[in-house]
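The block underneath contains the structure these notes are about, expressed in structure tokens.
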Amino acid sequence: MFDNFDEKYGPKTLNDIVFHSPTVRQTVEDIVSGLMGFPSCGVNGILLYGTNGTGKTALARILPNLIEAARGGENPYVSFYKISQGGDNGASVIESIKSQAQLMPILGTYHYFVLDEVDNLRSESMSSLKVAMNTNTNQCVYIFTTNRIHLIENGVQDRCERIEFFQAPDIEWLPLFKRVLADYNITTVTDSDALKIISYCNGSGRRILTAARKLVIQQYRANNWDLKLAA
């Protein structure tokens, strides 16, 4: 019923990202477009921080393509790392990044290194990350996500444009919520009712899209429609 749901409704452009403020959106747009001159002056990282479910990882995944497209390129090579607790806590990841950073980019304008949940790095790995960011600074772009910015070493933060992600107003999620309903031919839910449902999700995109799916199923059952045809 919901085959390819994530692919269909996952963000592909900045217009698909729900930001909590126009100022933050403008900052990201200026980074992507090159207007800000990023990367430069030793700042080659983008640190996305804030509360759970607000779209940090979703944005981190599409930023390399957006940055590259704005500079006339396409399909850059992206190294994506999800840093978890336990193991070497990213030590091997940082060593790999150091090796790659020394080389000229083969695909695209920059090397792109995305570290999701970067706060899980051990302190020594965090220090090594700072060293890696000093290598070939104008040809390497680092994108980090974290829910715990206080765990990010000051030297790493100093090398980043910091982008805050907090709960967006419910009204900002309404277009996506209504789009899902419309795609499944649900036309009887008012904006007021939709906003009430969205408000219960506390700004979490995951919970909002899950609520939309639940509502679709509820409406199909209420109307005795074939759930298998609701793809």
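In the hydrophobic clustering of ILVMFWY residues, with side-chain heavy atoms under 4.5 Å counting as a link, Ile171 and Trp173 come out together. Taken together through direct or relayed side-chain contacts under 4.5 Å among Ile, Leu, Val, Met, Phe, Trp and Tyr, Tyr220 and Val180 form part of one hydrophobic cluster. If you chain together hydrophobic residues whose side chains sit under 4.5 Å apart, Ile67 and Leu47 never meet in one group. By the rule that hydrophobic residues join a cluster once side-chain heavy atoms approach within less than 4.5 Å of another member, Val156 and Ile97 end up as members of one cluster. Residues Ile143 and Ile149 are members of separate hydrophobic clusters, defined by side-chain heavy-atom contacts under 4.5 angstrom among Ile, Leu, Val, Met, Phe, Trp and Tyr.
Residue pairs meeting the salt bridge (Lys or Arg N to Asp or Glu O under 4.0 Å) criterion with at least one member in residues 98-116, sequence neighbours excluded: Lys82-Asp116, Glu95-Lys98. Screening residues 16-58 for ring-ring contact (aromatic ring centres under 6.0 Å, His included), with sequence neighbours left out, gives Phe19-Phe165, His20-Phe166.
In this structure, Asp191 and Lys178 have side chains that are in contact, with non-hydrogen atoms separated by less than 4.5 Å. At a threshold of 4.5 Å between non-hydrogen side-chain atoms, the residues Leu63 and Val28 count as touching. Counting heavy atoms from C-beta on, the side chains of Asn136 and Gln102 never come closer than 4.5 Å. In this structure, Val216 and Met1 have side chains that are in contact, with non-hydrogen atoms separated by less than 4.5 Å. You'll find the side chain of Met126 reaches within 4.5 Å of the side chain of Ile152, heavy atoms only. For the pair Leu14/Leu59, a side-chain contact is recorded, criterion being any heavy-atom separation below 4.5 Å from C-beta on. Between Thr51 and Glu164, every side-chain heavy-atom pair lies at or beyond the 4.5 Å cut-off.
No side-chain N or O of Thr27 forms a donor-acceptor pair with one of Glu161 less than 3.5 Å apart. Counting only N and O atoms by type, the side chains of Lys56 and Asn147 include a donor and acceptor under 3.5 Å apart. No side-chain N or O of Arg206 forms a donor-acceptor pair with one of Asn52 less than 3.5 Å apart. Under the 3.5 Å distance criterion, with hydrogens and angles disregarded, no donor-acceptor pair is assigned to the side chains of Gln167 and Thr54.
Although no hydrogens or angles enter the test, the distance criterion places a donor-acceptor pair under 3.5 Å between the side chain of Asn44 and the main chain of Met133. Proximity of a side-chain donor or acceptor of Asp193 to a complementary backbone N or O of Val189 within less than 3.5 Å is not detected. Arg207 contributes no side-chain N or O that, together with a main-chain N or O of Ile198, makes up a donor-acceptor pair within less than 3.5 Å. Proximity of a side-chain donor or acceptor of Arg25 to a complementary backbone N or O of Ile17 within less than 3.5 Å is detected.
Using the six-membered ring where Trp is involved, Tyr110 and Tyr112 have ring planes that are perpendicular, over 60° apart on the 30 and 60° scheme. Ring-plane geometry between Phe5 and Phe2 is classed as perpendicular, the angle between the planes exceeding 60 degrees on a 0 to 90 degree scale with a lower cut at 30.
Checked options Ile94, Asn120, Thr146; the residue passing with Leu115 is Ile94 (criterion: side-chain contact (heavy atoms from CB on, under 4.5 Å)).
For the atom pair Glu153 CD and Ser128 OG, the distance stands at 10.5 Å (nearest 0.5 Å). Remark: Ile106 CD1 to Gln100 CD distance equals 10.0 Å, nearest 0.5 Å.
Both the sub-6.0 Å distance and the 45° axial angle are not jointly satisfied by Arg159 relative to the ring of Tyr142. Within the cation-pi definition used here (under 6.0 Å to the ring centroid, within 45° of the axis), Arg179 does not qualify as a partner of Tyr9.
Residues passing the salt bridge (charged side-chain N to carboxylate O under 4.0 Å, His left out) test with Lys8, sequence neighbours excluded: Asp183.
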**Message:** Assess the residue pair Lys130 and Asp158 against the criterion (salt bridge (Lys or Arg N to Asp or Glu O under 4.0 Å)); give the C-alpha distance rounded to whole Å, side-chain angles, the decisive distance to 0.1 Å, and a yes or no.
**Reply:** CA-CA 10 Å; Lys130 179 176 62 178; Asp158 190 53; over 6 Å; no
